[in-house]
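The next block holds one structure in the form of structure tokens; read it before the comments.
Starting from 1, each residue takes its place in the sequence as its number.
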Amino acid sequence: MKKWKNHNKQQFSENKKRKISRNFLGSYLLILLAPAVAVIAIYCTAKNAMVETQKERIQSVVTEVGNSFDREVKEAQNVGYYVGKEKRLSDYLMKARPQNKEQEFYSLYTISTAYPNYALTNEVIEDVFILISDSRYILKIPQVIPEDARGVATLGDFPFGSYDEFMAYYHEQDPAQSVFCHEDEDGKISLLIPGRASYPSNPFVDCIVVVQLNWNRITKMLHPILAGEAGVVALVNANGEILACAEDFGNGSSILYGKEAGSLEEHLKENGWKKNSLVTCSTSLSYNGWRIVSYVPKSVLTSKIGTTRYVTISLCFVSVFIGMIVCLAYWHQRKGMVQEFFDLKDRLLQGKTIQKEHLQFWSSFDSFLTEVDQLQNTVEQQESILREDFLGKMLYGSYDSEKQLEAGAEKAGFPLKMGFYYVVDMEFEDPLRSGSNVSREEFSAILDRLLEQYIVWKCWRYSVSELSMVLLIQSDEELPAEELKKALEEMNYEFYSCLKVQSYTGISTAVQEPLEIARQYEIASRISEFARYRGIRVPVLPDELPKEQMLDQPLFVTIDMELKLVKQIQSGSAEQLEELIDQIKKIYFRPGNSQYTYRHTIEILRSCLFRSIPADSEDPEVRRLREAAQKVYLEEPLFALLRETRALCARMQEKKEEAVVDLDREKISGYIEENLGDASLNLSVLSEWLAEPERKLYNDFKLCFGMSFSSYLEQRRMARACELLKDGVAVKETAEKVGYGSDYSFRRAFKRVVGIPPSDFRKMQTV
């Protein structure tokens, strides 16, 4: 009986050991499940990314075809304009019409032969017609055709046989259209660009120039988009109706037609194209709201991936298989842990001594747990860095659209929710000034504790510097301003009680759009700056500022203002300098500014004066100005010295311009324009291109262009950037196209030269 009990007890223990061992194996395989799912997700993402790459390639072709169409239509419009402005035609129309039919024919023939044959010089133009009211002829350059049955037969594809017939059609059309698409009874399409020739000296003369486009040329432009692959590409009007369509079912045969047979959506259904299996690419044209739309099956794009897809699948399966082998190996290596655990348990129950070797495995297991804990801390630190980086970009306005902002928030794991956002800017005095010898860690720990204690709303902290931080507070409902101010005031008081360090706080207004957070940060920083230099130790709201205080103007002279002042003194006109002086007076010498602000502004202006005075000149006037600048401490005498220095620099510049400079201005400016997008373009590169010594080129360039090479290059890049931003190009792409390595440096340069950030400039142009 006793043996039977011992046998059952031993059997139960073995079964328990096997169960625990199987649980360990299941845990290993469960751990493997996460990377297996990740590998599958990576494959799907990689496949989608490769499909998107193929889609971008097709989209670029569609865009290029659309640009080509716009260019050729624009060229045809220009042809019609210059034909109507030709002097012989205007002279003929200003005079009395010849009564004799032969004389009229000869006069019109002379005019017609004066034009080139545009159908030969531009393949998109089929014919150019000149229709004159009350005339017996139609000019089909270079022919003169009578308005009779035989003449109309020679007009070719032109669907109108007289001036009156065309004008009847013209008045029925929408005048906002640039290109008229005419469809006759047989479904034949004609693209016509009419241009009315007006002569103010004789308003009774009516003449219209009609440029007929080559329809075959227009439709052939659609072929390169498909490149022999299956799909549909069509030119459609604003209502989605087909004007031209190229279609390929994958067997090499294409169908091309040009009649408004219905909408493109209906055409896809009728021909068996399933829209959910098609990838769409489109581009809008500049005329009539027309579009070029391309539909390509996803299978075509997937086939373009080639062997890469199968290599990716193979790597996925291999990685999962290797992971399974590793898990089994670890399980086999560690399954003895179960036996050691039960042996250790039996020894404890039986009261036997435990030797050091019995604990060898458990000591190694403790180090393993320590490594896991360190890995977890590293992951948490990386998440914190990503979140702080996103906060910084959002506060400094690095995102141009809601889509970019949401993508950045998702990448950083930032919970960007709907609600009200407040920005709080806090500036701290240096603890050493108040005699507090506190470490950075203790300083930060006290702040974290007080934030958790007093800020009961959702709050994120961003450290601008050791003595400056920004709080982003989010609430589902709009908070009373006084409630938020009271909480921050109590926190500041508690902070001063702990460290005897003063803090100055600016609070923004509430916003609901996350893109507006950057603007509110600027306002909060201006308020905290105002509070710091006015000695206001309680949090300040925008409504509590004095009426004369403007948030968009700094309290002290900015670096941009210094550079602008020095530039106006050295190379500007007297009028420009006076405008800048008036601006400085209004901003920095307005009533209510403190004495400290006044002294600081005077010192900055004196330093600008010293930088503007030529340092290497021994002229007596230069020495006099330098000595006078050392003794001036009032604004009006200082402004007078600024004016005298500008006049001196102008006189010295006139003397320098008398020297002969052997530089081809047009050649150099053309080279710079062609290479504006090259980030490596500098004076050394230009010196090598011209085969001129760099030092000599520096002086010659300044004499030839009136400014240094770097200033000229920056001005031209900013001018090009303004053009691109007006066309709707993104800020980051604009920075690359004008030769800036990062959008951050481009934003700083653009704001310094233009006066506003590029994103604001782009929004203004869009509006």
- Are any of the side-chain heavy atoms of Val423 and Leu472 separated by less than 4.5 Å? yes
- Task: Please check if any side-chain donor atom of Gln520 sits under 3.5 Å from a side-chain acceptor atom of Tyr422, or the reverse.
- Result: no
- Task: List in chain and number order the residues that pass ring-ring contact (aromatic ring centres under 6.0 Å, His included) with Tyr496, two or more places apart in sequence or in another chain; answer none if no residue qualifies.
- Result: none
- Query: Between Ser710 and Leu683, is any pair of side-chain heavy atoms under 4.5 Å apart?
  - Reply: no
- Whether Tyr712 and Phe701 hold their rings parallel, tilted or perpendicular, with breakpoints at 30° and 60°: perpendicular
- Item | Minimum heavy-atom distance Phe420-Glu477, with the two atoms named | CD1-C, 3.5 Å
- Taking atom CD of Glu452 as the centre, report whether more than 12 heavy atoms of other residues, nucleotides or ligands fall under 6.0 Å from it. no
- Item | Any side-chain heavy-atom pair of Arg646 and Gln568 under 4.5 Å | no
Could you give the side-chain donor-acceptor pairs of residues 402-412 under 3.5 Å, partners two or more places apart or in another chain?
unit_1 : atom_1 : unit_2 : atom_2 : d
Gln404 : OE1    : Asp400 : N      : 3.1

- Item | Point-to-point distance, once rounded to the nearest 0.5 Å, from CG of Leu642 to CD of Glu578 | 10.0 Å
- Closest heavy-atom pair, Arg449 versus Cys498, reported as atoms and distance to 0.1 Å, is NH2-SG, 3.7 Å
- Task: Under the ring-ring contact (aromatic ring centres under 6.0 Å, His included) rule, collect the residues that match up with Tyr421, sequence neighbours excluded.
- Result: none
